[in-house]
Amino acid sequence: MTWQGWLQIAVFAALITAVVKPLGGYIVRSVDGGGRVQRAFEPLERGLYRLAGVDPAQEQSWIEYALALLCFHLVGIAALYGLLRLQQLLPLNPQQMDAMSPDLALNTAVSFATNTSWQSYGGETTLSYLSQMAGITVQSFMSGAVGIAVALALVRGFARRSAKYIGNFWVDLTRITLYLLLPICVVTALIMIWQGVPQTLSPYVSATTLDGTKQVIALGPVASQKVIAVMSGDGGGFFNANSAHPFENPTALTGLVQMLLIFVIGVALTNTLGRMVGDQRHGWALFAAMAVLFMAGLAVVYGSEAQPNPAFAPFHLDQTAGNMEGKEVRFGVGQSSLFATVSTASSDGAVDSMHDSFAPLSGLVLMANMMLDEVIVGGPGSGLFSILLFVIVAVFAAGLMIGRTPEYIGKKIEANEVKMTMLALLSVPAAILGVAAVAAVIPAGTGGLSNAGPHGFSELLYAYTSGAATNGSAFAGLSANTPFYNLTLAAAMFIGRFLVIVPVLCIAGTLGAKHLVPASSGTLPTYGTLFVGLLVGTIVIVGGLTFFPALALGPAAEHFALQSGLTY
Amino acid sequence: VFGYVFGKPTDDRENAVFDILMLVLLGVAFGGAAAYVWACADLTRLPNAGGNKAP
């Protein structure tokens with residue numbers, strides 16, 4: 001480990017902490033109206049409602065909200081599927097890309113609509129510019145906005161008293177897109193273009209190299225897609241190499257901007273929660289819990305990657321820079337470890353190094369980050385509602401300890417909320433472990449593996465974890481573009497997104513209908529060290545117990561095998 | 001479906017049967033999700049049997 005590596009981490013942490021409060025306040029104003037930006041764009045917003053036949057004053061019950069969300073995604077996935085199947089007939093296809101196969105098109109459509117961005121294809125060799133812009137980029141905006149909308153609906157459930165309604169899905173979607181995502185994307189896309197990220201509709205360029213061979217250099221509208229991809233928690237790459245590609249992440253500044261964009265909305269929403277429920281200390285407590293889990297994981301990853309690879313010891317290689325296999329020399333171990341931890345702690349999934357080449361312990365942390373159900377910042381919105389599910393479990397456990405009905409920020413947590421919380425929290429492990437277990441024993445699953453033993457199992461486990469946790473990053477080493485993997489991963493992504501969102505909205509509805517209970521001497525304070533410790537302990541115990549056996553079979557077993565000189 | 005409409009089925013994986021299958025799968029998935037909404041609504045309408053009455 002180097003001081004430069006720790007300095008990068010310190011600068012990143014300071015910038016993220018600095019942005020929590022101002023952006024948290026801006027999000028409240030964006031959604032509730034009243035800010036300067038909102039007033040400037042109000043005519044546009046009203047026009048969109050008129051065009052869509054939406055009455056912005058008409059709020060929805062949780063059931064109406066959930067059905068509107070599902071209808072929106074059904075149409076979105078079907079439209080993206082059609083676009084990917086017809087792209088060879090549509091304009092903005094200078095490289096004459098052919099249609100995607102049906103199973104890959106379904107996988108891709110589900111992947112981007114669920115905010116996962118699992119990619120069983122290489123962007124520059126598969127997609128037309130129209131598919132990239134009108135398909136992938138649009139879904140990045142929409143899926144990010146939907147996650148934030150669901151989180152805000154849940155927060156309204158906590159904040160409102162005896163309310164039948166939790167907001168209007170169409171209004172939330174419109175305001176989040178117009179006032180939050182679009183302005184940040186416009187500014188940061190310009191920064192990316194300034195730093196050298198392409199933004200063009202010109203065809204790819206053919207060049208002749210010094211040894212006389214022809215090389216095709218892929219271009220395209222990269223900057224506009226990249227910024228929303230990282231900020232929305234989507235993380236899909238315009239190019240196959242994602243943020244390791246020099247056109248997608250050309251400088252140290254673009255790397256830092258991308259990592260900030262990945263985290264910025266997720267952390268700011270903790271402050272938004274605090275403001276909406278009238279206790280910003282509680283928002284800071286959630287931020288602290290996320291920070292503790294993030295820093296613990298980062299320390300393990302950076303520590304492991306800074307060590308030389310024991311498998312290379314017989315070859316007397318210079319490994320003073322650490323485990324450089326699969327890493328860009330211009331990024332090094334420190335930045336690659338930070339980027340990988342940020343990407344998996346959020347639900348983003350962008351990569352600037354090969355996770356398959358990380359040390360087994362690092363791979364274990366990257367998987368555990370995703371298995372913890374997006375609670376360490378997570379995706380925009382999905383991180384907040386996921387950690388609130390664990391908060392409900394934590395206060396429920398605390399209530400049981402003292403024989404008192406649990407309360408959380410003024411609302412009693414009763415059987416209905418706990419049932420829905422369990423449904424939401426068990427959906428993701430069921431999708432990961434259930435489908436991975438099937439894939440591990442049938443030829444269609446094992447046929448896609450590039451490695452044997454624990455490493456091969458890690459490749460498979462990582463893929464389903466990444467899919468169900470809506471992360472989308474790939475461990476690599478898995479040949480996933482087969483009908484079996486395309487369809488089972490699509491199922492995992494669908495379960496991991498919608499079977500979590502529906503119970504979350506149900507909790508919003510049941511909580512919103514309740515009275516506020518005044519705090520008393522028996523109320524568990526939802527700020528301070530005790531609460532943060534209780535929450536972190538709950539997350540680690542629930543997440544750890546659920547996934548420990550699978551992690552023991554994969555990366556943990558590989559770690560001990562590597563120490564004794566055995567590789568796979 | 002797309003292959004037949006636009007007259008461009010190019011190989012075995014890109015024919016109408018597969019398109020129909022994919023769209024049916026999508027419909028089944030969202031139908032299941034909609035049913036899940038109603039199931040959650042039903043679950044939360046049940047009385048809180050044995051609820052904690054401690055102060």
Side-chain angles (χ1 to χ4, degrees), chain A residues 61-63 65-67 69-71 73-74 77-78 81-82 85-86 88-89 98-107 109-110 399-400 402-406 412 414-420 423-424 427 483 486-487 490-491 494-495 497-499 501-503 505-507 509-510 513 520 522, chain B:
Chain A
S61 69
W62 82 263
I63 295 177
Y65 201 101
L67 292 176
L69 184 151
L70 290 175
C71 288
H73 278 302
L74 174 61
I77 292 174
Y81 179 84
R85 294 284 293 134
L86 293 171
Q88 79 281 17
L89 304 169
D98 207 353
M100 268 192 178
S101 64
D103 53 298
L104 181 58
L106 184 72
N107 178 287
V110 172
L400 289 180
I402 60 169
R404 181 186 164 88
T405 303
K412 281 189 183 294
E414 295 171 294
N416 286 337
E417 290 78 38
V418 175
K419 278 187 283 191
M420 291 301 112
L423 268 182
S427 298
N486 280 333
L487 295 180
F494 190 92
I495 292 169
R497 182 71 165 178
F498 298 116
L499 268 62
I501 280 179
V502 169
L505 290 173
C506 183
I507 293 170
T510 60
S520 68
Chain B
V1 173
F2 296 120
Y4 277 128
V5 170
F6 293 94
K8 277 203 163 188
T10 52
D11 66 29
D12 286 342
R13 287 175 68 188
E14 294 185 11
N15 59 34
V17 176
F18 276 97
D19 275 328
I20 290 170
L21 180 63
M22 296 304 125
L23 295 173
V24 167
L25 281 176
L26 194 60
V28 169
F30 274 98
Y36 189 57
V37 171
W38 295 114
C40 288
D42 272 349
L43 265 175
T44 50
R45 268 195 284 269
L46 296 173
N48 283 339
N52 190 342
K53 302 297 181 193

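These numbers come from a predicted model, not from an experiment. Order of the sequence lines fixes the chain letters, A, B, ..., with proteins taken first and strands second; residue numbering starts at 1 for each chain.
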Problem set entry | Side chain proximity check, Trp38(B) to Leu67(A), heavy atoms < 4.5 angstrom | yes
For this session: Kindly compute the distance separating CZ (Phe18(B)) from CG (Leu106(A)), expressed to the nearest 0.5 Å.
Result: 12.5 Å
Seminar exercise, completed: So, the part of Leu423(A) with a heavy atom under 4.5 Å from chain B: the answer is both
Exercise. Side chains of Leu21(B) and Pro102(A): does their closest heavy-atom pair fall under 4.5 Å?
Worked result: no
For this session: Taking the side chain as every heavy atom from C-beta outward, state whether Cys40(B) and Trp62(A) have any pair of such atoms under 4.5 Å apart.
Result: yes
Problem set entry | Single hit among Leu69(A), Val502(A), Leu505(A) for side chain to side chain contact (heavy atoms under 4.5 Å, CB included) with Val37(B) | Val502(A)
For this session: List the atom of Asp103(A), the atom of Met22(B), and the distance in Å for their closest heavy-atom pair.
Result: CA-SD, 3.9 Å
For this session: Check the angle between the aromatic planes of Phe498(A) and Phe30(B) and answer parallel, tilted or perpendicular using the 30° and 60° thresholds.
Result: tilted
Seminar exercise, completed: One should read off an interatomic distance between Thr44(B) OG1 and Ile63(A) CD1, to the nearest 0.5 angstrom, of 7.0 Å
For this session: Give, as side chain, backbone, both or neither, the part of Leu499(A) having an atom under 4.5 angstrom from any heavy atom of chain B.
Result: both
